[in-house]
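What follows is a set of notes on a single structure, which appears directly below.
The model shown is predicted, which means the values in this text are computed figures rather than measured ones. When reading the values below, keep in mind they use all heavy atoms of this one structure, side chains included, and skip hydrogens, waters and symmetry mates.
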Amino acid sequence: MAMERANLLNMAKLSIKGLIESALSFGRTLDSDYPPLQQFFVVMEHCLKHGLKVKKSFLGYNKSLWGPLEMVEKLCPEAGEIAASVRDLPGLKTPLGRARAWLRLALMQKKLADYLRLLITRKDTLSEFYENSAVMLEEEGAVIVGLLVGLNVIDANLCVKGEDLDTQVGVIDFSMYLKNDIDDYRNLNCELDTYKQSRQGLDEMYNEARRQLKEECQLRQDVENELVVHVSMKQEMEMAMKLLEKDIHEKQDTLIGLRHQLDEVKAINVEMYQKMQSSDDNMRQKNDMIARLEEKTNQITATMKQLEQRLQDAERERASAEDGVRKFKQDFTNKADSLQKQIAQREKMQLETDLKIERDWRQTLQNELERERETIAQLTAEAQQINGLKKEFHRLQDENTQLKGICEEQEQALEELGCKLSEYGGQVWLKDKDATHCKLCEKEFSISRRKHHCRNCGEIFCNSCSDNELPLPASPKPVRVCDTCHALLLQRCSSNAT
């Protein structure tokens with residue numbers, strides 16, 4: 001089996017090398033009648049058939065080549081179009097014919113190496129169709145797949161519908177490869193040794209790159225987790241700020257209510273002051289009345305004196321008049337004393353009542369002031385908490401700035417990598433700092449209008465002028481290209497197809 005694998009590997013190398021050299025010298029699109037292309041499909045059919053397990057069916061025992069190729073559709077969704085096209089072809093009736101049509105369509109799509117690479121990486125799936133010593137499960141299969149990458153430079157236009165793929169006999173024509181057989185065999189051995197050495201070096205580079213990728217992925221995951229924590233903390237801080245604002249508004253409403261109560265107390269004090277002034281006016285009026293009574297008393301005394309002078313002649317009348325005056329004085333004095341005592345007692349009671357009311361209001365105002373002082377102390381503590389939260393928010397802003405600086409450094413590293421790639425690819429990779437406007441629409445870049453490199457020409461465009469993707473010779477997968485390169489590449493593909 002090892003000898004068979006070595007022979008198949010050598011035949012694959014010869015057929016692929018001969019196909020590439022003849023196609024480049026041919027200088028135009030290959031068709032189905034091109035002999036080196038037919039021999040290539042025969043050799044690939046023998047390589048894929050090597051080590052196939054025999055499966056039992058209703059018609060007997062057979063080897064199905066279509067089974068493993070059909071599995072590519074599950075591994076790569078892009079291969080679904082080829083599989084669907086093969087199933088829809090009306091002239092294909094056997095699994096072998098479908099497998100031959102699949103190989104031709106994959107070569108036209110320039111995806112044959114990619115599809116087979118995906119297939120050989122799934123050895124657990126291939127073990128259902130191949131023996132353990134088959135070419136597709138050994139190192140020779142990886143070598144053949146690596147050689148198939150060179151076929152991406154060939155443009156082929158194959159008419160699958162017109163060919164009878166079910167009944168073709170796959171016979172290898174060795175006459176095409178007998179020239180300089182010994183030299184070619186030596187060259188093949190040298191190439192195999194060189195490939196093994198380069199393969200070992202590439203495996204080491206791949207393992208190192210994979211380890212670095214895992215470390216960067218872990219670092220990125222840690223940064224994302226920290227960012228999620230910062231976002232949650234920011235949301236909590238915003239919620240706390242909203243609650244504090246709500247409490248401040250409620251306390252402001254309380255202060256407004258206390259101010260209204262204080263205004264009412266002031267109005268009551270003004271009213272009490274007015275009442276005190278009215279009581280003072282009443283006192284003045286009463287004093288005026290006493291003064292008038294005293295004046296009247298003086299007048300009566302003067303009248304009594306005149307009566308004494310007039311009634312000096314009549315002692316009885318005078319004595320009786322004196323007794324009457326004495327009694328009148330005594331009664332008036334008693335009445336005046338009792339009246340003054342009543343007035344003083346009433347004034348004393350009124351003043352005590354007013355003083356008691358005023359003391360109660362003062363005590364109430366003091367209690368209100370103490371409560372306001374406690375509220376102010378609470379507000380001061382809450383303001384200190386808000387200042388602490390502000391400091392924490394500024395610290396988070398500083399950390400966010402540091403993260404942005406790290407992102408900018410990574411972008412600069414990607415820019416340097418693009419410059420190195422531009423040196424190897426031959427295209428000029430323009431730096432981000434050298435471009436301020438879009439190359440196509442000449443709009444100025446900003447935070448909302450980001451910069452994007454065209455992978456074909458290396459210039460910098462905005463997103464609307466570079467939202468196209470096409471596969472390039474340096475990258476089989478679709479990458480970003482500008483509108484100008486997109487139109488140019490489509491025109492070139494259409495001219496090559498015609």
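Partners of R373 according to the side chain to side chain contact (heavy atoms under 4.5 Å, CB included) rule, which considers only residues two or more places apart in sequence or in another chain, do not exist here. In this structure, R480 has no salt bridge (charged side-chain N to carboxylate O under 4.0 Å, His left out) partners at least two apart in sequence or on a different chain. Taking the side chain to side chain contact (heavy atoms under 4.5 Å, CB included) definition, one finds that D483 meets it with L440, C465, D467, N468, sequence neighbours left out.
Closest approach of L126 and I120 over heavy atoms only: CD1-CA, 3.7 Å.
Judged by distance alone, the side chain of N152 and the main-chain N or O of V149 form a donor-acceptor pair under 3.5 Å. Remark: side-chain polar atoms of K451 are paired, donor with acceptor, to backbone N or O of D432 under 3.5 angstrom. Side chain of R122 to main chain of L118: no donor-acceptor pair is present (N/O by atom type, distance under 3.5 Å, no hydrogens or angles). With hydrogens and angles ignored, the 3.5 Å screen pairs a side-chain donor or acceptor of H453 with a backbone N or O of L430. When atom types are taken as modelled, the side chain of K13 and the backbone of L147 share no donor-acceptor pair closer than 3.5 angstrom. Here the side chain of R5 pairs a donor or acceptor atom with the backbone of S133 at under 3.5 angstrom. A distance-only check finds no donor-acceptor pair linking the side chain of K110 to the backbone of L151 [under 3.5 Å].
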Worked verdict on L8 versus V43 for side chain to side chain contact (heavy atoms under 4.5 Å, CB included): CA-CA 8 Å; L8 288 174; V43 173; 5.8 Å; no

Steps toward side chain to side chain contact (heavy atoms under 4.5 Å, CB included) verdict (K439, I460): CA-CA 6 Å; K439 181 71 174 179; I460 297 178; over 6 Å; no

From CA spacing to verdict: side chain to side chain contact (heavy atoms under 4.5 Å, CB included), E70, R87: CA-CA 10 Å; E70 195 176 10; R87 295 189 191 98; 3.2 Å; yes

Side chain to side chain contact (heavy atoms under 4.5 Å, CB included) assessment of H46 paired with H50: CA-CA 6 Å; H46 281 78; H50 183 264; over 6 Å; no

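Annotation: side chain of I144 is in contact with side chain of C47 (closest heavy-atom distance under 4.5 Å). A 4.5 Å side-chain heavy-atom check between L148 and F40 finds at least one atom pair inside the cut-off. Proximity of Q109 to Y115: side-chain heavy atoms (C-beta onward) are separated by under 4.5 Å at one or more points. Residues E469 and V479 have side chains not in contact (no heavy-atom distance under 4.5 Å, counting atoms from C-beta outward). Counting only heavy atoms from C-beta outward, the side chains of P36 and S15 never approach each other to under 4.5 Å. Residues T364 and V265 form no side-chain contact, since every pair of their non-hydrogen atoms from C-beta on lies 4.5 Å or further apart.
Shown here is K443, whose NZ atom has no more than 12 heavy atoms of other residues, nucleotides or ligands within 6.0 Å. The number of heavy atoms from other shown groups lying within 6.0 Å of CD (E81) does not exceed 12. Other residues, nucleotides and ligands place no more than 12 heavy atoms under 6.0 Å from the CD atom of Q491. By the 6.0 Å contact criterion, CD on E442 is open, its count of non-hydrogen atoms from other residues, nucleotides or ligands being 12 or less. Counting heavy atoms of neighbouring residues, nucleotides and ligands inside a 6.0 Å radius, atom CZ of R211 exceeds 12 of them. For N132, the CG atom counts as loosely surrounded, since its 6.0 Å shell holds 12 or fewer non-hydrogen atoms of other residues, nucleotides or ligands.
Figure legend: cation-pi geometry between R104 and F41, with NZ or CZ positioned under 6.0 Å from the six-membered ring centre and within 45° of its axis.
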